[in-house]
There are 2 protein chains.
Amino acid sequence: MISFDSMKSMLDESYKHVACSTCKSRGHGLFNGISGAELDTLEAQRACNFYKKTQSLFVEGSTPRGVYCVNHGKVKVFKRGDEGKEQIIHIAKAGDLIGFRAMFSGELYKVAAESLEDSNICFIAKEDFLNMIEFNPTLRNGIIKELSQELSDRADFITNMAQKSVRERLAFSLLILMDIYGEDPINLSREDLANFVGTATETLIRLLKEFKEDGCLEIEVRKLRVIDKIKLISLAGN
Amino acid sequence: MISFDSMKSMLDESYKHVACSTCKSRGHGLFNGISGAELDTLEAQRACNFYKKTQSLFVEGSTPRGVYCVNHGKVKVFKRGDEGKEQIIHIAKAGDLIGFRAMFSGELYKVAAESLEDSNICFIAKEDFLNMIEFNPTLRNGIIKELSQELSDRADFITNMAQKSVRERLAFSLLILMDIYGEDPINLSREDLANFVGTATETLIRLLKEFKEDGCLEIEVRKLRVIDKIKLISLAGN
DNA sequence: CCTAAAAAATGACGAAAATCATATTTATTT
DNA sequence: AAATAAATATGATTTTCGTCATTTTTTAGG
């Protein structure tokens, strides 16, 4: 059965198949500096799909068959710990590529991905993607750079996890989320936010309240809006 | 001034310049499946250096000039948190390549590297290395795979940091260190081990004692030997 | 071999954050 | 619109772990 909300989204312009050539999100990501002929190839090879909120792209342990390119929406990439609690490793936004790591490692997925809101996500099959990488040095270097960048981000992430208090980590996380959500308010469940920060949901809720009382944050149920970035930066502890 | 110990190491066979063609460590790492002509190139381009214990390879914020290939010894790769406390991200052993991430990102080093024991480490200049990568598909794919693998490891690391207790993390860390040290006892200062696990040195010392009393571990000042891997695995909590 | 410095170990204590229980609000379904 | 479920919120309690102070042991240098 189709909910009113997802129905609306299907009728929404965001659901229309977007040509790669006119895809506004392309400018942000890997396929930015792509040329005419290659753009046509990409166009021909990708399949555009609609994912409604909380729909799974792939799960831990499954076989990678291709990469996902977000045209519109947000996707969480996460791993489950021993007790089943999710740790969100990354939140992908429009223009971002998901699941390319597994293309190269030859292993099964070690993480899972799920849409956080109604999203348009294109799919490029493994062989097609690997072909592009193999024969397009620009694309290839872009991928290598992307992998390197993420590696660096994760070193930061690990250091923060290990050394910062939950309060500092929340402030830091909100700053990251500001970049991801841009002009839009941060739209995450308390549980997802807790799983991104790496804390218990109850602790997160208490801290959000503190931040609100400190005048850093405006809270409307599921929408968070940072109103004092400077203060948040100082709360993040450098 | 040269200490007796480093003097000894310089005279030690481990200090001798090793040809890449006969380098025993090469089998473990990226340069494993390298062919005759390319091996000669590598041989000609690399410089072999001796680093005594606690010597720095590079520091945070400096300009990357090439990659380091460990012939013999161990190297810690770490990042400093706000209060200067080190977080060890990775410990490199013989055969491992260090500092290649920064070759691709075009940024300054975001981490630092320092030898944990007297080590032989070869150096390959940036242009030479990038050339090799550009024109050798095998090597290139090896690097991409390596980057992907590390990315996956770090997702695990983050999840562990966020969800496991210090005790579980220590058990997990010891298992990783067993792989790195192989037959040799784990040889790290309490502080380094604490900075790898992500805890206070005092807490780490107390836990080591517990593990010893539980019969998992043999402790000789700076040398740790796991004697019950099975138990350690259960302590690591899956 | 002795001395100074560094590293490791131990104890006492407090703060941070997890857990458990329960209430309240918001969404969803019928 | 009522009913059920899910998400959010709050309180009480406990556990874990970090911090600070001090002692003991080990290492390195003269």
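Reminder, nothing fancy here: chain letters follow the sequence lines and each chain counts from 1.
- Look at NZ on A:Lys52: it is 11 Å from P on C:dT28, rounded to the nearest Å.
- The six-membered or imidazole ring of A:Phe58 lies near that of A:Tyr68, with a centre-to-centre distance under 6.0 Å.
- The nearest whole Å value for the distance from the CG atom in B:Leu208 to the P atom in C:dA7 is 17 Å.
- At C:dA9, one or more side-chain N or O atoms of B:Arg190 fall inside 4.0 Å of OP1 or OP2 (strictly under the cut-off).
- Rounded to whole angstrom, the span from the CD1 atom of B:Ile219 across to the C1' atom of D:dT26 amounts to 15 Å.
- In the helix from C:dC1-D:dG30 to C:dT30-D:dA1, the end axes, each obtained as the rotation axis mapping the C1' atoms of four pairs onto the next four within a five-pair block, lie 50° apart to the nearest 10 degrees.
- A distance-only check finds no donor-acceptor pair linking the side chain of B:Thr159 to the backbone of A:Gln87 [under 3.5 Å].
- Under a cut-off of 6.0 angstrom, the local environment of CD in B:Glu168 is crowded, with over 12 non-hydrogen atoms contributed by other residues, nucleotides or ligands.
- Here C:dA8 presents its C1' atom at 12 Å from NZ of B:Lys212, a figure rounded to the nearest Å.
- Comparing B:Arg222 and A:Val221 by the nucleotide of DNA chain C that holds the closest heavy atom to each, the one mapping nearer the 5' end is B:Arg222.
- Between the P atom of D:dT27 and the CD atom of B:Glu117 lies a distance of 16 Å, rounded to the nearest Å.
- B:Leu193 has its CG atom 10 Å from the P atom of C:dA8, to the nearest Å.
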Produce a footprint string for nucleotides 10-22 of chain D: one letter per nucleotide, 5' end first; B if the base is under 4.0 Å from any protein heavy atom, S if only the sugar-phosphate is, - if neither.
BBB----SBBB--

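- D:dT8 atom P lies 9 Å from atom CG of A:Asp192, rounded to whole Å.
- The side-chain heavy atoms of B:Leu208 and B:Leu193, taken from C-beta on, include a pair separated by under 4.5 Å.
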Apply the test side chain to side chain contact (heavy atoms under 4.5 Å, CB included) to residues B:Ser105 and B:Arg101: give CA-CA distance (whole Å), side-chain angles for both, the deciding distance (0.1 Å), then the verdict.
CA-CA 7 Å; B:Ser105 72; B:Arg101 190 207 65 79; 3.4 Å; yes

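- We find that NZ of B:Lys53 is positioned 14 Å from P of C:dA6, with the value rounded to whole Å.
- Annotation: cation-pi pair B:Lys93/B:Tyr181 absent, no NZ/CZ under 6.0 Å from the ring centroid and within 45° of its normal.
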